[in-house]
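Everything on this sheet refers to the single structure shown next.
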Amino acid sequence: MITNSEVLQADFQPAEILHRHDQINYLSEVLEPITDNQRVDGAFIHGPTGVGKTHTTQFLLERLEASSPEIETTLIDCWANYQYGATLKRVLEGYDIFRRRGEPKDDLIAKLKAEVDHPYVVVLDEVDQLEDDRLLKPLHEMPHITLLLIANEREDLYSRLDSRVHSRLAGYPAVEFKKYTQDELVSILRKRTEAATRGEVISEPHLEVIADRVGGDARFAIAILKNALEHADRRGGERVRKEDIESVLGDAREELLRATISKLTADQRVLYQILVEGGEQSIGEIYEQYEQRVRDPVVKRTVTGYLQKMEHYDIVELHGQKRGRTYEVTTTQLMDFEDVLE
DNA sequence: ATTCCACGGGAAAGCATGGACC
DNA sequence: GGTCCATGCTTTCCCGTGGAAT
């Protein structure tokens, strides 16, 4: 049934962005002066998960680079690169600046300042995930750098900023990406279906059923679509039925969760499994089980760091401070760990 | 061309401090 | 006061790399 599965992957970048004309036009206008080599400080992009913030920005970057050979761009996932040094490294790499061995870290900002002499658009995706905001001020101040900041909530970011950085960035024009409406989601799903399959494989009302379940999140919607198509395929059907959709809701959710889990190390997955099986627990209880399950366990201090990181990933949440603290998985979804933990 | 060595960076371990609870 | 905990800081370990030596 599926002839091109690529377009159903979560990271697939569609050639055409649907329903984001207003945002694209506005951001194009904001970025326009760059093509004339004029200074643009930056912009702020915000909205919930799965509403096309990253894809739209990526699309704009490509268009911008195509418009002039002078313009460099980079998109940095601050979720994965949440530490100061990691982010800075990506910023440098994006401009093809690579660090010589032995070069002191402190000079990197100076180096960046010295080397960047034509327009460089730096996108910080999930910028509210950054460990600290030291990097924002110097980047903001560099004349050739344009900062595009992407976050869920405008306030989430600003509340965490140093007040001096805050006042500078507060002047950035802001673009809001709202949740997709029912109709918008249906047309997005329709388009993806056409690209991924041949013939009429799913009806309009069934696309609406999917759109109903996702709270405006296109990523989730597409994950459901993919799984529903596969499910229909497996039972030998020609068209997706409502049961196909209903029965893969959990799978689709799990697929998104699995993508996060795959970023974890083997030890971290064991910890996750302990939390799934044992529910809410203290570090002492967790560590005791962990020690028994792993060949050579890392020290408790390190486990604390792991759990911290998993909280960062939003798959574990912690309750309480200090002594009484407990850890718990954020999702009640049961997973098939035979697969995940091979 | 291959081997050897020194070095930097990142991750983990180890240590210390201070808070919360009994 | 003893135990359990989080967290910051320093030290140690390991790995990749690039340049020198063979």
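Residue numbering restarts at 1 for every chain, and letters A, B, ... go by the order of the sequence lines.
The residue A:Gln321 sits apart from the nucleic acid: no heavy atom pair falls under 4.0 Å. Nucleic acid contact for A:Tyr327: sugar-phosphate only, since backbone atoms but no base atoms lie under 4.0 Å from a heavy atom of the residue.
Between A:Asp296 atom CG and C:dC13 atom P there is a gap of 16 Å when expressed in whole angstrom units. Residue A:Lys309 contributes atom NZ, which lies 12 Å from atom C1' of B:dG10 at whole-angstrom precision.
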Could you list the donor-acceptor pairs under 3.5 angstrom formed by side chains in residues 187-201 of chain A, with sequence neighbours left out?
from: A:Ser187; atom 1: OG; to: A:His19; atom 2: NE2; distance (Å): 2.5
from: A:Ser187; atom 1: OG; to: A:Glu184; atom 2: O; distance (Å): 2.9
from: A:Arg190; atom 1: NH2; to: A:Ile202; atom 2: O; distance (Å): 3.4
from: A:Arg190; atom 1: NH2; to: A:Glu204; atom 2: OE1; distance (Å): 2.9
from: A:Lys191; atom 1: NZ; to: A:Glu16; atom 2: OE1; distance (Å): 3.0
from: A:Arg192; atom 1: NH1; to: A:Val7; atom 2: O; distance (Å): 3.0
from: A:Thr193; atom 1: OG1; to: A:Leu189; atom 2: O; distance (Å): 2.6
from: A:Thr197; atom 1: OG1; to: A:Thr193; atom 2: O; distance (Å): 2.7

For residues 293-303 of chain A, which side-chain N or O atoms pair as donor and acceptor with protein atoms under 3.5 Å away, sequence neighbours left out?
from: A:Arg293; atom 1: NH1; to: A:Glu277; atom 2: OE1; distance (Å): 3.4
from: A:Arg293; atom 1: NH2; to: A:Glu277; atom 2: OE1; distance (Å): 3.0

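Contact check, A:Thr304 against C:dT7: no side-chain N or O comes under 4.0 Å of OP1 or OP2.
Residues that satisfy the ring pair (Phe, Tyr, Trp, His ring centres under 6.0 Å) test with A:His144, not counting sequence neighbours, are absent from this structure. A:Tyr290 pairs by the ring pair (Phe, Tyr, Trp, His ring centres under 6.0 Å) definition with A:Tyr287, not counting sequence neighbours. For the ring pair (Phe, Tyr, Trp, His ring centres under 6.0 Å) test, residues two or more places apart in sequence or in another chain that qualify with A:Tyr120 are A:Tyr95. For A:His55, there are no ring pair (Phe, Tyr, Trp, His ring centres under 6.0 Å) partners at least two apart in sequence or on another chain.
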Filtered N/O pairs between nucleotides 12-17 of chain B and protein, under 3.5 Å:
from: B:dA12; atom 1: OP1; to: A:Tyr306; atom 2: OH; distance (Å): 2.9
from: B:dA13; atom 1: OP1; to: A:Val299; atom 2: N; distance (Å): 3.3
from: B:dA13; atom 1: OP2; to: A:Val299; atom 2: N; distance (Å): 2.9
from: B:dA13; atom 1: OP2; to: A:Thr302; atom 2: OG1; distance (Å): 2.4

Under 3.5 Å, N/O pairs linking protein and nucleotides 20-22 of chain B:
none

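Each of A:Asp125, A:Val91, A:Val123, A:Leu88 was evaluated against A:Ile76; a single residue qualifies, A:Val91, per the side-chain contact (heavy atoms from CB on, under 4.5 Å) test.
Residue pairs meeting the salt bridge (Lys or Arg N to Asp or Glu O under 4.0 Å) criterion with at least one partner in residues 40-65 of chain A, sequence neighbours excluded, are A:Arg39-A:Asp41.
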